[in-house]
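For ligands, and for the atoms within them, numbers begin at 1 and follow the listed sequence. This is a predicted model, so every value here is computed, not measured. Residue numbers run from 1 in the order of the sequence given. Computed over heavy atoms, backbone and side chain alike; hydrogens, waters and symmetry mates excluded.
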Amino acid sequence: MMHALIQREDGFSGTQTGPDIADLTPFLTHAEIDVPTPGPGQALIKVHLAAVNPSDIHFIKGEYGQPRRRGVPAGFEGVGEVIAGDTALIGHRVSFFATASGTWAGYALTDASGLVPCRADLAVTDAAGQLVNPLTAIAMFDMIRNSGADSFIVNAAGSQLGKLLIALGRDYGIQPIAVVRRAEQAAALKALGAAHVIVTRDPDPLDQAQAIFESLKPCILLDAVGDQFTADLFFAMPSGARWINYGKLSTDAPKLTQLGQLIFQAKQIEGFWLTRWMKQADPARIPEAFSEIQKRFVTGKWTTDVAGIVPLSAAMEKLPQVLAMPDGKAFIDPRA
Ligand SMILES: NC(=O)c1ccc[n+]([C@@H]2O[C@H](COP(=O)([O-])OP(=O)(O)OC[C@H]3O[C@@H](n4cnc5c(N)ncnc54)[C@H](OP(=O)(O)O)[C@@H]3O)[C@@H](O)[C@H]2O)c1
């Protein structure tokens, strides 16, 4: 038997309430259930630490791109030891994305082909969150490099993923223009490598953006917010600009006021989803990316800011408080 946070609902909810959560009880139950059994092509992992990402919260609310399954543990990613299954990695520490039974549990089940062996010197918090955000950062930064851009805009820039992207921009000499809602994040993001920081709660954020666009002319907008300001920013960008939406942190339904720009200025609106990218990417790029990801964490080019590690036994009560803390990630420790 194992302890787990299991889903209470099936399918989609039809709501769009965003990533904030004050109470887990409508969506999850703390329960003791059977340890899952690996089938052909699967691996069973004893979970050491599980990440909590905005996608997990969208998912348990029934607002993500795949349906919930009642009675199955939640939690997309984590790190642990492979203890059984159709793999040569038994006994190894791996990061993984749980495809069959989630990571907010003592044991998780996933496709054996997706296991990512961890370097011994990779910290457990870096390993637990190694897939969703770091691989997305690498994949989207590849798009920036392939476009030949010398600057890019990233909003929700104080998020873990925003900070990973800013650090990549710094290291590869492609200037990041960071967009945040809280002014107190600006100094840290500039120190990290942001060329400019636009604060959306200032009285004149669009004027600030237009002044920056005169010199930098950014053509890529990496957007995890999807609010009216993002749409206004896109329409203020130069001809040929691409609005790449990869998250929906805001519950706004923005108005697209100047769609003619798609026709006459060759602007584009598109979406990015890591799950799709992994199916379409050059297969050689993925192991290469994990090697780069682990090296970047171990050498300090990237860091994981930790808001708190919550024992699984107390997660129903304590996780919302840790998720509400600014500037860091929450993790669940299933061994406590
Ligand atoms: N499409 C994909 O494949 C993919 C893959 C990975 C991640 N993502 C997305 O990437 C985004 C960032 O993930 P993360 O794990 O890095 O996040 P995180 O570290 O948990 O940080 C969340 C951030 O969202 C900001 N935020 C929340 N609501 C907002 C709103 N209404 N307007 C503006 N900002 C808001 C917060 O800003 P404050 O500090 O001001 O509260 C915080 O900086 C999420 O949307 C996630 O779903 C997508």
Show the atoms of ligand 1 that are less than 4.0 angstrom away from any heavy atom in [X].
X      : value
Lys329 : 14 (P), 15 (O), 17 (O), 18 (P), 19 (O), 20 (O)
Leu274 : 2 (C), 3 (O)
Ala224 : 11 (C), 45 (O)
Gly247 : 45 (O)
Asn53  : 15 (O)
Ser250 : 31 (N)

Please tabulate, one pair per line, all N/O donor-acceptor pairs under 3.5 Å involving side-chain atoms of residues 172-181, not counting sequence neighbours.
from	atom 1	to	atom 2	distance (Å)
Tyr172	OH	Glu292	OE2	3.0

Would you say [X] has any N or O atom under 3.5 Å from an N or O of ligand 1, going by distance alone?
X      : answer
Ala156 : no
Asn133 : yes
Phe272 : yes
Thr275 : no
Arg181 : yes

Which residue and non-hydrogen atom of the protein lie closest to [atom], and at what distance in Å?
atom                    : result
atom 39 (O) of ligand 1 : Arg182 NH2, 2.8 Å
atom 4 (C) of ligand 1  : Tyr246 O, 3.8 Å
atom 16 (O) of ligand 1 : Leu161 N, 2.7 Å
atom 13 (O) of ligand 1 : Pro54 CG, 3.7 Å
atom 25 (C) of ligand 1 : Leu249 CD1, 3.9 Å
atom 21 (O) of ligand 1 : Ser159 CB, 3.3 Å

Note: Asp10-Arg68 ion pair, threshold 4.0 Å (strictly below): no
Do NZ/NE/NH1/NH2 and the carboxylate oxygens of Arg296 and Asp171 come within less than 4.0 Å? yes
Counting only heavy atoms not in Gln16, do more than 12 sit closer than 6.0 Å to its CD atom? no
Does the side chain of Thr110 pick up a donor-acceptor pair with the side chain of Thr99 at under 3.5 Å? yes
Is there side-chain contact between [X] and [Y], with at least one heavy-atom pair below 4.5 Å?
X      : Y      : result
Asp126 : Trp302 : no
Phe152 : Ser147 : no
Phe12  : Glu63  : no

Take Asp202 and Gln208, measure what side-chain hydrogen bond (donor to acceptor under 3.5 Å, both in side chains) needs, and give me the verdict at the end. CA-CA 9 Å; Asp202 279 356; Gln208 290 178 32; 3.0 Å; yes
Residue-ligand contact Gln185/ligand 1, heavy atom below 4.0 Å: yes
Please verify whether a non-hydrogen atom of Gly158 lies at under 4.0 Å from ligand 1. yes
Run the numbers on Ser13 and Thr15 for side-chain hydrogen bond (donor to acceptor under 3.5 Å, both in side chains), then give the verdict. CA-CA 5 Å; Ser13 59; Thr15 56; 2.8 Å; yes
State, to 0.1 Å, how close Thr257 and Phe235 come at their nearest heavy-atom pair, and which atoms those are. N-CE1, 3.5 Å
